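Lettering of chains follows the sequences in order, A, B, ..., and the numbering in each one begins at 1. Here the structure is a predicted model, which is why all the values come from computation and not from measurement.
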Amino acid sequence: MAKTIDEIKERIKKGQVVVVTAEEMIDLVDKEGIKKAARKVDVVTTATFGPMCSSGIFINFGHSSPKIKVEKVWLNEVPAYAGLAAVDVYLGATELQERDPANRVYPGEFRYGGGHVIEDLVAGKDINLKATAYGTDCYPRKELETMVNIKDLNEVTLFNPRNGYQNYNVAVNTSDRVIYTYMGLLEPHLGNANYCSAGQLSPLLNDPLYEVIGIGTRIFLGGGVGYIAWWGTQHNPGVGRGDNEVPRVEAGTMATIGDAKMMNPKYLRGTSMRGYGVTLSVGLGVPIPVLNERVAKFTAVRDEEIYAPIVDYGREANQFLGEVNYKQLRSGKVIIKGKEVSTGGISSYKRAREIAGILKKWIKEGKFFLTQPVAKFPGKESEYVFRPLRERR
Amino acid sequence: MAKRTLVLRFPPHLVNEAITYRLVKDYGLAINILSARVKPQEEGNVVIGVEGEKTKIEEGVDYLKRLGVKIQPLVQDILWNQEECTHCTLCIPLCPTEAFILNRESMEVSFDKERCIACGLCVKVCPYHALELLLG
Ligand code: SF4
Ligand code: SF4
């Protein structure tokens, strides 16, 4: 029998809601079958925690006296974007601190940048704010330097144009030298294999066709409550899929938004990838309402049924070297080109499991209510594709 | 008599066994292989403990460098700050002595300091600065 989101909300209110994590759903379906599990369970919680470069915060820091229309701005010496209204700025996760040697001293350490400012701000630390302006009749001030704290700022809105990639490459290196990538240090001659997905716990892998997750879905974001604002940049629903509809390469993405003042630095971590740059690791949790047996079946997907492409980052053309599933990846060893290779993660499965548990608790305690999406993501039949850039004059 | 721990990185064309043999025979050093990750056609990663006369150890080290073996400087100590660790597991395949242990049930990383020979590799890769080199 099908359920509605309103019915599930009613059950949350009455304290009768049945919530399980995506891992627990696998066991339940094993034991009781899809039909029974679909009837019994109202919500399955999914989650992921890992570096998500397309993340950042909008800040309105309030007007100084006299007023300034900020032209250039720095937070702890990390430049932010000020091409907005007078005291609105956007700080991106991958922005480097001024004078960071970057890769001039190879491989660069990238110890502090946008992602770290976001973590520090959310942790309640004072942040140095510096701004300059050209001055106008209405905004005469040309320079500003002060300490600010998140509790005194007007809005601090986390807005991430792309989070929660549905599946991702497994990165290896067949070249003769060590390479430093956004997928970590890759040793030569297939020395290691790094992967980056929570697999069976990952949100979009549990709703492979974007049937229940959509624009307006309320989520766990960075330790607080947020929403899915849009589909994410590079959303690519039309890729190859298995019989279970799970994409076999990177596919769907989501844009997320939420009030950073309510978030927790444990789930918004500044991240330094040696030789690559800085970024922000984001904790994301998405509830999936089990509206029918089809949804139940999708949420029972397991690591061994989710395949990821092995990609050689040591060659310019990023050659495809085969496929492995997440059960193999999480076992610690995979076979690539006949060779046993040790695996390392970029995404923390332990944190993902933790977040799925927290979201489950919130829902059970009646603190978190599910929303009905207001619109859907472009689906696999939509002809919506991620295109490469065609350069022209 | 002096003692040192060396972290050696071999280019693929060098064979580990022959080199340790020379260190023993030509320099009179006692060699204790603490960990070895050498596979044919690949850069090898070997950690050895050497014991012998101080000058002989230095000569042995020079000999290795001439051959093209890279010797990583050893630091005193590695500090694993559990609070900062996100258990991402990125360090797991890289540690030459398997000092990081991943419980595959809980997917939780722990650190066995006894096994660590302070090569410093994990400090380079940990994205969350959970590892620190304490210089002696
Ligand atoms: S320093 Fe790090 S990589 Fe090196 S042996 Fe110790 S734990 Fe392993
Ligand atoms: S790389 Fe750092 S954060 Fe990741 S598991 Fe190792 S110590 Fe922990």
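Between atom CD1 of residue B:Ile92 and atom CG of residue A:Asn192 there is a gap of 12.0 Å, rounded to the nearest 0.5 Å. Annotation: the span from B:Leu90 atom CG to A:Arg274 atom CZ amounts to 13.0 Å, rounded to 0.5 Å. Between atom CG of residue A:Asn194 and atom OG1 of residue B:Thr89 there is a gap of 8.0 Å, rounded to the nearest 0.5 Å. Distance NZ/B:Lys124 to OG/A:Ser272: 15.0 Å, rounded to 0.5 Å. Of the inter-residue distances, the one linking A:Glu354 atom CD with B:Met107 atom CE reads 13.5 Å to the nearest 0.5 angstrom.
Contact count against chain B (heavy-atom pairs under 4.5 Å) is highest for A:Ser331 among A:Ser342, A:Ser347, A:Ser331, A:Ala352. Taking A:Gly184, A:Cys196, A:Gly332 one by one and counting their heavy-atom pairs under 4.5 Å with chain B, the maximum is reached by A:Gly332.
Of the atoms belonging to B:Cys126, it is backbone heavy atoms, and not side-chain ones, that fall under 4.5 Å from chain A. The contact between A:Thr271 and chain B is made by backbone and side chain atoms together, counting heavy-atom distances below 4.5 Å. Both the backbone and the side chain of B:His87 come within contact range of chain A, with heavy atoms under 4.5 Å apart. Interface residue A:Phe49: only side-chain heavy atoms are found under 4.5 Å from chain B. Heavy atoms of B:Glu105 lying under 4.5 Å from chain A belong exclusively to its backbone. Contact of A:Thr279 with chain B is not made at all, since no heavy-atom distance falls under 4.5 Å. Heavy atoms closer than 4.5 Å to chain B are found in both the backbone and the side chain of A:Arg111.
By the neighbour-count criterion of 12 heavy atoms within 6.0 Å, atom CD of A:Glu24 is densely surrounded, having more than that number from other residues, nucleotides or ligands. Environment of CD in B:Glu53: sparse, with no more than 12 heavy atoms of neighbouring residues, nucleotides or ligands closer than 6.0 Å.
Checking side-chain atoms of A:Arg351 against main-chain N and O of B:Cys88 turns up no donor-acceptor pair under 3.5 Å. Between the side chain of B:Arg104 and the backbone N or O of A:Arg330 there is at least one donor-acceptor pair closer than 3.5 Å.
Nearest heavy-atom pair across B:Tyr128 and A:Gly270 is CD2-O, 3.8 Å.
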